[in-house]
Amino acid sequence: MMIPEAKQYLGRNVSVTFRDRHGDLHTKTLHVHEVSFVPMYGGCLVGDIEDIWLDRVTSISAVD
């Protein structure tokens, strides 16, 4: 997922499926507070529960 795609979910509740560092899939529901770029690491989805790196996201959908 790229930053412009992720910005459409700002301020919304979303269900995000992503891979952890071991390659296992996880799905979490969170409120997106910010989409940011961290040099040397890339884009990041900042939520109320946790931060998720955009390169690990496999799917995202609004829950509203």
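Keep in mind the model is a prediction, meaning the values are calculated, not measured.
Val14 and Leu25 are assigned to two separate hydrophobic clusters, defined by single-linkage of ILVMFWY side chains at heavy-atom distances under 4.5 Å. Using a 4.5 Å cut-off between side-chain heavy atoms of Ile, Leu, Val, Met, Phe, Trp and Tyr, with links allowed through other members, Val46 and Tyr9 fall into different hydrophobic clusters.
Screening residues 45-64 for ring pair (Phe, Tyr, Trp, His ring centres under 6.0 Å) gives Tyr41-Trp53 as the qualifying pairs, with residues at least two apart or on separate chains. For the salt bridge (Lys or Arg N to Asp or Glu O under 4.0 Å) condition, the pairs that include at least one residue of residues 39-55, sequence neighbours left out, are Lys28-Glu50. The salt bridge (Lys or Arg N to Asp or Glu O under 4.0 Å) analysis of residues 8-23, with sequence neighbours excluded, yields the pairs Arg12-Asp64.
Scanning for ring-ring contact (aromatic ring centres under 6.0 Å, His included) contacts around Phe18 gives His26, with sequence neighbours left out. With sequence neighbours excluded, no residue forms a side-chain contact (heavy atoms from CB on, under 4.5 Å) with Gln8. Remark: Ser61 pairs with no residue by the side-chain hydrogen bond (donor to acceptor under 3.5 Å, both in side chains) rule, at least two apart or across chains.
Minimum heavy-atom separation, Ser15 to Thr27: OG-CG2, 3.5 Å. Annotation for Leu45 and Ala6: closest pair CD1-CB, 4.3 Å, computed over non-hydrogen atoms.
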Do any side-chain atoms of residues 31-38 form donor-acceptor pairs under 3.5 angstrom with protein atoms, and if so which ones, sequence neighbours left out?
from: His31; atom 1: ND1; to: Asn13; atom 2: OD1; distance (Å): 3.0

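Through ILVMFWY side-chain contacts below 4.5 Å, Val63 is grouped with nothing and stands alone.
Note that the SG atom of Cys44 and the CD1 atom of Ile52 stand 8.5 Å from one another [nearest 0.5 Å].
For the pair Thr58 (side chain) and Thr17 (backbone), a donor-acceptor distance under 3.5 Å is present.
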